[in-house]
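Okay, so here's the structure we're looking at.
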There are 2 protein chains.
Amino acid sequence: MPTNRVYRALADPTRRRILALLRERPMTAGELASQFELAWPTMSGHFAVLREANLVQAERTGSTITYRLNQTVLQEALMALMDALGVSPAEPSA
Amino acid sequence: MPTNRVYRALADPTRRRILALLRERPMTAGELASQFELAWPTMSGHFAVLREANLVQAERTGSTITYRLNQTVLQEALMALMDALGVSPAEPSA
DNA sequence: CTGGTATTTTGGCATCCACCGAATTCGGTA
DNA sequence: TACCGAATTCGGTGGATGCCAAAATACCAG
């Protein structure tokens, strides 16, 4: 259970912001990178961390690479974390 | 909103284990430290990170210091993360 | 105040991590 | 083939982080 990669991936604000953006819709690496003031290699590194944590999926289409949020993995990771730390789940917003 | 300290604090497996232990009951620094194969100063450093993240409360009683889990902060941090990432909360176990 | 126990602080080292510029790879196109 | 745009990998730097031994602090008992 390489769950540790997930926690480490979530520890960085830039990566959390990337995930939040991907929550809206899949985006290419360039699209994502343009939303930050960081150099491309830096962003590429963040993508790699997210890929290794299996939090995003990369799909090559021609010359561009589209990143897609892996909702299931993210959800399960957070649930596991909450469970391990004894945080009770919220009531479903009525 | 120093929420970032919380995520950083959760990124380390030792600290997550500490939180899991405190979930059962409050424990003194020595009690906690004895459950790990790490030197005391190392553990003390982890305690400090958890304190700064406000995830635990330290209370001095005589010569010992008792650490107590700060459930509320933890819960709110995880909820905020889930919300930011669009993970829907689970139903309360019926 | 002297000694002993509990815990943190200090100082230092090794590793990791975020960051960048430059070079490289991969596809598409002429 | 040569060239261009998209994205990653390479090489290096500065700063954070985890670790420890030794010293310092805080408290209690004599």
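Chain A is the first sequence line, chain B the second, and so forth, proteins listed ahead of strands; every chain is numbered from 1.
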Can you give the donor-acceptor pairs under 3.5 Å from side chains of residues 43-60 of chain B to other protein atoms, not counting sequence neighbours?
unit_1, atom_1, unit_2, atom_2, d
B/His46, ND1, B/Arg15, NH1, 3.1
B/Arg51, NH1, B/Tyr67, OH, 2.5
B/Glu59, OE1, B/Arg68, NH2, 3.1
B/Arg60, NE, B/Gly62, O, 3.4

- request: Would you mind building the protein contact string for nucleotides 2-18 of chain C? One character per nucleotide, 5' to 3', B for base within reach (heavy atoms under 4.0 Å), S for sugar-phosphate only, - for untouched.
  value: ----SBBB-------SS
message: Please list all pairs meeting ring pair (Phe, Tyr, Trp, His ring centres under 6.0 Å) that have one or both residues in residues 16-35 of chain A, counting only residues at least two apart or in different chains.
response: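 Residue pairs passing ring pair (Phe, Tyr, Trp, His ring centres under 6.0 Å), neighbours aside: none found.
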Pairs satisfying ring pair (Phe, Tyr, Trp, His ring centres under 6.0 Å), at least one member in residues 17-44 of chain A, at least two apart: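 Those involving residues 17-44 of chain A do not exist here.
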message: Of all nucleotides in DNA chain D that come within under 4.0 Å of a heavy atom of chain B, which is furthest toward the 5' end and which toward the 3' end?
response: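 That gives a stretch of D/dT17 to D/dC28.
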message: Test: salt bridge (Lys or Arg N to Asp or Glu O under 4.0 Å). Region: residues 74-88 of chain A. Which pairs qualify, not counting sequence neighbours?
response: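 Salt bridge (Lys or Arg N to Asp or Glu O under 4.0 Å) check on residues 74-88 of chain A returns no pairs.
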Pairs involving residues 16-26 of chain A, ordered by first then second residue, that meet side-chain hydrogen bond (donor to acceptor under 3.5 Å, both in side chains) (sequence neighbours left out):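 Those involving residues 16-26 of chain A are A/Arg16-B/Asn4, A/Arg25-A/Glu31.
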Nearest-0.5 Å distance, CE of residue A/Met82 to CG of residue B/Leu81: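 The distance works out to 10.0 Å.
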message: My understanding is that only residues two or more places apart in sequence, or in another chain, count here; which of them pass side chain to side chain contact (heavy atoms under 4.5 Å, CB included) with B/Ala39?
response: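 So B/Ala39 forms a side chain to side chain contact (heavy atoms under 4.5 Å, CB included) with B/Pro41, B/Thr42.
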